[in-house]
Student: 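Have a look at this one before I ask anything.
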Amino acid sequence: MQVSQEKRRNYRPLVSSKTLQKTMGRYYALTNYHRYWGKLMRRPLAWVTSGAPVELLRAFNIHSAYPEQYAAIYSARNATVNLCEVAEAAGYSQDLCSYARSNIGGVLRPDLAPLGGMPKPDLLVACNNICGTVLKWYEVLARHFDVPLLVLDTPFLTGELTTQAKEYVLEQLKAMVTDLEKITHRRLDEKKLAQQMSLSREITSLWIETRQYCRASPSPLNAPDLFINMAPIVVLRGSHEGINFYRKLRDEVKERVDLAQGAIENERIRLVWDNIAIWPQLFSFYKMFSEKGACFVTDTYSGGWAVEQAPGTPLESLAATYTEVFLNRSPKYRANQLINLIKEFKADGFVMHSNRSCKPYSLVQEVIRKEVIHETGVPGLMIEADMADPRAYAEEPVRNRVQAFLETFDDL
C-alpha cells in the first residue's frame with residue numbers, strides 16, 4: 001500500500017514524518033486535555049492568532065491553541081462544510097473566512113468537529129498583522145466564552161518599519177504584560193522571556209536552513225512537505241520539542257541534497273507558490289503538477305515563519321518582528337519578495353492561489369502577478385479556490401488551467 005501511495009502522489013515521503021506525528025500528537029493531546037492538567041499546573045489556556053507573540057505567553061506559562069491550525073485539520077478531515085453550515089445557520093455569512101466559520105461552527109457543535117473541537121479558553125489573544133477578520137472573530141469568541149480578549153494592533157507598513165510604528169506596538173506589548181500579570185497573578189520573568197526568544201530564534205533558524213536546501217536541483221521538498229512540516233513552527237515556537245523536530249527534518253533534507261534525491265520524480269519544472277495551501281485538495285491538487293515533473297520548491301506562506309528576529313530587547317524584538325509580518329506589508333514589498341524567491345530558487349514560474357477566504361493575502365495578487373511577470377519574465381498562473389471550504393473549488397476548470405499552464409514548459 002505504501003508503494004502505491006508513493007507512486008500515486010509521485011513524491012518521496014519523509015522519514016521524519018513519524019517524528020512530526022508524535023510531536024504534533026503530543027501537542028494536541030496536551031491541548032485537548034488541558035481541562036485536566038491546566039489548573040493543576042496553574043497554566044491557563046489561550047486561543048491565539050497565528051501572528052500573535054506567543055513567546056510572551058510562554059513566558060507567563062500560558063499554553064496556546066490556534067483556531068487556524070484546528071481549522072486546517074477540520075478541512076483536511078473533510079469536516080469544514082458541516083461546521084461552516086452550522087455557523088451559516090447561526091447567521092454568519094458565507095463570505096466570511098472559512099477558518100472563522102468552521103471554528104465558530106466547532107464552538108457551537110463540538111460533536112461535529114475532529115478532535116472533539118477545541119477546549120474552552122481562559123483568554124484570547126489576537127493580533128491583526130495577518131488580517132482584520134480576527135478582531136471581529138475573536139470578539140465573537142470572547143462574548144461566547146466570557147473571557148478576556150487581548151488585542152495587539154500593528155500598523156500597516158507601506159514602506160519600512162518606522163520608529164513611531166515600533167514604539168506604538170511596543171507600548172501595547174507593555175500594556176499586554178500588565179494585563180497578563182493580572183490574569184495569571186504572576187510577574188513577568190524577563191529572563192524566561194529572553195530564554196523563550198532564544199528558543200524561538202533557534203527554531204526559526206532551523207526552518208530557514210531547511211527551506212534554503214530547496215535551492216538545490218532537484219529540490220528535496222515539495223509544497224505539501226512545506227505546508228505539513230510548518231505546523232510545529234506555528235504552534236511550538238519557543239519550545240524544545242519544536243527544535244528537536246526541526247533538527248531531524250533539517251538533517252534529513254540535507255541528506256537528500258547530498259544524495260541528489262528530489263521530493264518528486266524527474267523534476268523538470270521549478271515553481272513558487274503564493275498564498276495558503278488548499279487544504280481539502282492538498283495532495284490531489286499538487287499531484288496535477290508533480291505528475292508532469294513540476295515541483296514547488298518554495299512558497300510565501302510557510303516562509304512567513306522563516307523570518308529572523310529583529311534586534312533589541314525581547315519586547316522591542318517582538319514589537320518589530322510581529323509588525324513586519326509579510327501580510328502587513330505593501331504590494332510592492334510582496335512583489336519583490338516573490339521576485340527574489342524566483343531568482344534565488346531558480347524557478348521557472350509561479351502559481352498564485354486567489355484564496356476566497358483570505359482577502360488581505362489575495363486582493364492585490366493580480367497587481368503583484370503582473371509586476372513579477374514583468375520583472376522576471378516567467379509565467380504566473382492564478383487559481384481561484386479556498387483554503388478550507390471545498391465548496392469554492394471547481395475541479396475541472398482548475399485542472400484545465402493547470403494543464404494549459406504546464407504546457408508552456410514543454411520545451412524545458
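For reference, positions follow the sequence shown, starting with 1.
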Student: For Tyr27, which residues count as a ring pair (Phe, Tyr, Trp, His ring centres under 6.0 Å) partner, sequence neighbours excluded?
Tutor: His63

Student: With the threshold set at 4.0 Å, does a side-chain nitrogen-carboxylate oxygen contact exist between Glu241 and Arg26?
Tutor: yes

Student: How long is the gap from CG on Leu206 to CG on Leu249, to the nearest 0.5 Å?
Tutor: 9.0 Å

Student: Could you check if a side-chain atom of Gln281 sits within less than 4.5 angstrom of a side-chain atom of Ser284, using non-hydrogen atoms only?
Tutor: yes

Student: Does any donor atom in the side chain of Glu209 or Tyr213 lie under 3.5 Å from an acceptor atom in the other side chain?
Tutor: yes

Student: Minimum heavy-atom separation for Cys84 and Ser98, please, with both atom names.
Tutor: SG-O, 4.0 Å

Student: Looking at Glu395 and Arg399, does any basic side-chain N land under 4.0 Å from a carboxylate oxygen?
Tutor: yes

Student: Does the pair Lys254/Asp258 count as a salt bridge with the N-to-O cut at 4.0 Å?
Tutor: yes

Student: Can you find a pair of side-chain heavy atoms, one from Asp299 and one from Val272, that are under 4.5 Å apart?
Tutor: no

Student: Please determine, by modelled atom types, if Asn355 and Ser362 share a side-chain donor-acceptor pair under 3.5 angstrom.
Tutor: no

Student: Under a 4.0 Å threshold between the charged nitrogen and the carboxylate oxygen, would Lys332 count as salt-bridged to Glu371?
Tutor: yes

Student: Side chains of Gln172 and Asp153: donor-acceptor distance under 3.5 Å anywhere?
Tutor: no

Student: Which heavy atom of Ser102 sits nearest to which heavy atom of Tyr74, and what is that distance?
Tutor: O-CE1, 4.0 Å

Student: Does Asp189 use its side chain to pair, donor to acceptor, with the backbone of Lys192 at less than 3.5 Å?
Tutor: yes

Student: Could you check whether the rings of Trp273 and His353 sit parallel, tilted or perpendicular, using 30° and 60° as the cut-offs?
Tutor: tilted

Student: Could you tell me whether Arg101 and Asp389 make a salt bridge, using a distance below 4.0 angstrom between a side-chain N and a carboxylate O?
Tutor: yes

Student: List in chain and number order the residues that pass side chain to side chain donor-acceptor pair (under 3.5 Å) with Ser50, two or more places apart in sequence or in another chain; answer none if no residue qualifies.
Tutor: Glu68

Student: Is Arg356 salt-bridged to Asp95, cutoff N-O under 4.0 Å?
Tutor: yes

Student: Does a donor on one side chain and an acceptor on the other come within less than 3.5 Å for Thr321 and Gln309?
Tutor: no

Student: Distance alone, cut at 3.5 Å: any donor-acceptor contact between the side chains of Asn328 and Tyr322?
Tutor: no

Student: Between Ile278 and Asp386, is a side chain to side chain contact (heavy atoms under 4.5 Å, CB included) present by the stated rule, with each step listed?
Tutor: CA-CA 6 Å; Ile278 307 175; Asp386 188 273; over 6 Å; no

Student: Taking Tyr99 for the side chain and Pro67 for the main chain, is one N or O donor matched with an acceptor at less than 3.5 Å?
Tutor: no

Student: Check whether the side chains of Ser200 and Glu55 place a donor and an acceptor atom closer than 3.5 Å, and report yes or no.
Tutor: yes

Student: So does Phe156 have more than 12 non-hydrogen atoms from other groups sitting under 6.0 Å from CZ?
Tutor: yes

Student: Under a plain distance cut-off of 3.5 Å, with no hydrogens placed, do Thr154 and Asn128 share a side-chain donor-acceptor pair?
Tutor: yes

Student: Indicate the atoms forming the closest heavy-atom contact of Met288 with Lys292, along with that distance.
Tutor: O-CG, 3.7 Å

Student: Will you find, in the side chains of Ser219 and Arg270, an N or O donor that is under 3.5 Å from an N or O acceptor?
Tutor: no

Student: Using the test ring pair (Phe, Tyr, Trp, His ring centres under 6.0 Å), find all partners of Tyr138 that sit at least two apart in sequence or belong to another chain.
Tutor: none

Student: Between Thr300 and Tyr361, is there a side-chain donor-acceptor contact under 3.5 Å, judged purely by atom types and distance?
Tutor: yes

Student: Say whether, by atom type as modelled, one donor and one acceptor occur between the side chain of Ser239 and the main chain of Leu236 under 3.5 angstrom.
Tutor: yes

Student: Of all residues at least two apart in sequence or in a different chain, which pass the side-chain contact (heavy atoms from CB on, under 4.5 Å) check with Glu366?
Tutor: Arg369, Lys370, Met382

Student: Could you check whether Glu88 pairs with Arg391 (Lys NZ or Arg NE/NH1/NH2 to Asp/Glu carboxylate O, under 4.0 Å)?
Tutor: yes

Student: Taking ring pair (Phe, Tyr, Trp, His ring centres under 6.0 Å) as the test, write out the residues that go with His34, two or more places apart.
Tutor: Trp37

Student: Output side-chain donor-acceptor pairs under 3.5 Å for residues 41-49, partner residues at least two apart or in another chain, one line each.
Tutor:
from  : atom 1 : to     : atom 2 : distance (Å)
Trp47 : NE1    : Pro119 : O      : 3.0
Thr49 : OG1    : Cys127 : N      : 3.1

